[in-house]
Amino acid sequence: MYSKLPSLNVLRTFDAAARLKSFKKAADELHVTPTAVSHQIKTLEEGLGTRLFERQIRAVKLTRDGELLSDTTFNVFRQINETVNDIVGSKEMLTISTTSSFASMWLVPNLEKFYEANPGIDVSIQTGEQKIDVMRDRRIDLAISYGQYDPAQPHASKLVTEKFGMYATPAYLDKFTNLNDAQLLETEWVNKSLPPIAWEALINQQGREESQTNYTVRRFDQEHHVIQAALAGQGIALVSSILVRNAVKEQWLVPFSNNTLQGEFTGLTYYLVVPPHNQRNKNVVAFTEWLFPEIQKSLF
């Protein structure tokens, strides 16, 4: 019945190379040599009578037939892994990609709630400021992305649109009520595709007196660095209300306003991207069912 099937070992080697887009990385994962991986892939291609990879200088790219086989091997090996974990009682790993600031200021502080509801799942977080192609990177199960949300983007779902506000420690605001005397803190995005959110634009839009004065702005390339600087009493931060929610709840930071600058304004959007091959995965489903209502609690 299965006489034409390649060996399980060969398929496992192919799956690793397809997920990692590299024979060398596949060799490291499987604890064999890159030559052994290359030989097994060549044997598989000869047996199937088709090329599965396009060899490039420092990477490999799946052909159309390679993509078809990869979709199947990825799902099959994942199902086998899930079944074995269920039998032996091992925890399963869910890998999430998101920004450094969201990970450190929201996801990690709230993750214990997910673990309490899902004790059989461990979460691995990979951070970066550039968008990850989760459609092709099989190492990532889902991504929590940040930016301008496009409803037409396939396999993406809006989580929450943030509000930006001004925050500082109570002690700092006792000393500095005039922006001209205060140190202003803002983020200069590493991802240059993001629209800037800056004190200058806010002051020009809302401020009358302040727009005619000189003020000092200190910039950081990570939003959580801006928040940490504010927590250290270094200035007034212009940051997402979602990311400072815990600090405000504990009254470590408080909102700033004066006669001309006050309130919050709309920022950018956090949205979920789940590739089609993971949309029915029980770990992904468990996480998304927890995430949507939990992040709504961050609005205040």
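As the structure is a prediction and not an experimental result, all values here were calculated from the model.
- Residues Ile227 and Trp252 fail the side-chain proximity criterion, which asks for heavy atoms closer than 4.5 Å.
- Judged by distance alone, the side chains of Thr13 and Gln40 do bring a donor and an acceptor atom under 3.5 Å apart.
- For the side chain to side chain contact (heavy atoms under 4.5 Å, CB included) test with Leu69, the passing option among Thr50, Leu62, Leu44 is Leu44; the others fail.
- Between the side chain of Ser38 and the backbone N or O of Pro34 there is no donor-acceptor pair closer than 3.5 Å.
- Across every non-hydrogen atom of Met166 and Leu238, the tightest pair is CG-CD1, 4.1 Å.
- Put simply, the side chain of Thr63 gets close to the backbone of Arg51: a donor and an acceptor are under 3.5 Å apart.
- Put simply, the side chain of Asn281 never gets that close to the backbone of His277: no donor and acceptor are under 3.5 Å apart.
- A donor-acceptor pair under 3.5 Å is formed between the side chain of Ser241 and the backbone N or O of Lys163.
- Pairing each heavy atom of Thr169 with each of Ala230, the nearest pair is CG2-O, 3.2 Å.
- Under the ring-ring contact (aromatic ring centres under 6.0 Å, His included) criterion, Phe287 pairs with Phe114, Trp290, sequence neighbours left out.
- Taking all atoms of both residues into account, the shortest heavy-atom contact from Leu185 to Ala229 is CD1-CB, 3.8 Å.
- Hydrophobic clustering (ILVMFWY, side-chain heavy atoms < 4.5 Å, transitive): Phe74 and Ile140 are in distinct clusters.
- One distance of note links CE of Met105 with OG of Ser100; it measures 12.5 Å at 0.5 Å rounding.
- Within the model, atoms CD1 of Ile144 and CD1 of Ile295 stand 6.5 Å from one another, a figure rounded to the nearest 0.5 Å.
- Using a 4.5 Å heavy-atom cutoff, the side chains of Ile203 and Leu179 are in contact.
- By the side-chain contact (heavy atoms from CB on, under 4.5 Å) test, Pro151 is found to be paired with Tyr149, residues two or more places apart in sequence or in another chain being considered.
- The ring-ring contact (aromatic ring centres under 6.0 Å, His included) search around Phe102 returns Trp106, Tyr270, not counting sequence neighbours.
- Using a 4.0 Å cut-off between charged nitrogen and carboxylate oxygen, Lys297 and Glu294 count as a salt-bridge pair.
- Phe292 CZ to Lys158 NZ: the interatomic distance, rounded to the nearest 0.5 Å, is 11.5 Å.
- For the residue pair Lys113 / Asn110, a side-chain donor-acceptor distance below 3.5 Å is found, with atom types taken as modelled.
- In this structure, Tyr146 has its ring center closer than 6.0 angstrom to the ring center of Trp189.
- In the hydrophobic cluster analysis, where Ile, Leu, Val, Met, Phe, Trp and Tyr join through side-chain heavy atoms closer than 4.5 angstrom, Leu194 is grouped together with Val160.
- A donor-acceptor pair under 3.5 Å links the side-chain atoms of Tyr115 to the main chain of Val123, judged by distance alone.
- For CD of Gln56, the number of neighbouring non-hydrogen atoms (other residues, nucleotides, ligands) closer than 6.0 Å is greater than 12.
- In the hydrophobic clustering of this structure, Val285 does not group with Leu142; members are Ile, Leu, Val, Met, Phe, Trp, Tyr whose side-chain heavy atoms approach within less than 4.5 Å, directly or through other members.
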- Task: Under the side-chain contact (heavy atoms from CB on, under 4.5 Å) rule, what do Leu268 and Thr161 come out as? Steps first, then yes or no, please.
- Result: CA-CA 6 Å; Leu268 301 174; Thr161 297; over 6 Å; no
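- Between His155 and Pro276 there is a side-chain heavy-atom pair separated by less than 4.5 Å.
- In this structure, Asn118 contributes its side chain and Gly120 its backbone to no donor-acceptor pair below 3.5 Å.
- The distance from the CG atom of Asp28 to the CG atom of Leu20 is 9.0 Å, given to the nearest 0.5 Å.
- Leu231 and Leu253 get closest at one heavy-atom pair: CD2-CG, 3.6 Å.
- Linking Ile, Leu, Val, Met, Phe, Trp and Tyr whenever their side-chain heavy atoms come within less than 4.5 Å leaves Val190 and Val239 in two separate clusters.
- Both Leu48 and Phe23 belong to a common hydrophobic cluster when Ile, Leu, Val, Met, Phe, Trp and Tyr are linked at side-chain heavy-atom distances under 4.5 angstrom.
- Checked by atom type and distance alone, the side chain of Asp181 never pairs as donor or acceptor with a backbone atom of Phe176 at under 3.5 Å.
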- Query: What do the steps show when you test Phe164 against Leu202 for side-chain contact (heavy atoms from CB on, under 4.5 Å), and what is the final call?
  - Reply: CA-CA 10 Å; Phe164 257 71; Leu202 177 63; over 6 Å; no
- Message: Would Asp174 and Tyr172 count as a side-chain contact (heavy atoms from CB on, under 4.5 Å) here? Give the steps.
- Response: CA-CA 5 Å; Asp174 285 343; Tyr172 191 88; over 6 Å; no
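- Remark: side-chain polar atoms of Ser124 are not paired, donor with acceptor, to backbone N or O of Leu94 under 3.5 angstrom.
- Contact between Ser22 and Lys25 at its shortest, heavy atoms only, is OG-N, 3.1 Å.
- Interatomic distance, Leu52 CG to Asp65 CG, rounded to the nearest 0.5 Å: 7.0 Å.
- Between Phe53 and Ala17 the shortest heavy-atom distance is CZ-CB, 3.8 Å.
- Residues Pro170 and Val254 have side chains in contact (heavy-atom distance under 4.5 Å, counting atoms from C-beta outward).
- Within 6.0 Å of the NZ atom in Lys192, the count of heavy atoms belonging to other residues, nucleotides or ligands exceeds 12.
- Asn278 contributes a side-chain N or O that, together with a main-chain N or O of Asp141, makes up a donor-acceptor pair within less than 3.5 Å.
- Within a 6.0 Å radius of CD in Gln279, more than 12 heavy atoms belonging to other residues, nucleotides or ligands are found.
- For Arg218 and Glu186, the salt-bridge test fails: no basic side-chain N is under 4.0 Å from an acidic carboxylate O.
- Leu5 CG to Leu11 CG: the interatomic distance, rounded to the nearest 0.5 Å, is 7.5 Å.
- With Glu162 as the fixed residue, the side chain to side chain contact (heavy atoms under 4.5 Å, CB included) test singles out one of Thr266, Thr269, Ile242: Ile242.
- No donor-acceptor pair closer than 3.5 Å links the side chain of Gln126 to the backbone N or O of Thr95.
- Checked for salt-bridge contact, Glu45 and Arg55 meet the test: a charged N lies under 4.0 Å from a carboxylate O.
- The shortest side-chain heavy-atom distance between Ile125 and Leu107 falls under the 4.5 Å cut-off.
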- Is there a side-chain contact (heavy atoms from CB on, under 4.5 Å) between Ser101 and Leu243 once you walk through the steps? CA-CA 8 Å; Ser101 293; Leu243 299 188; 3.9 Å; yes
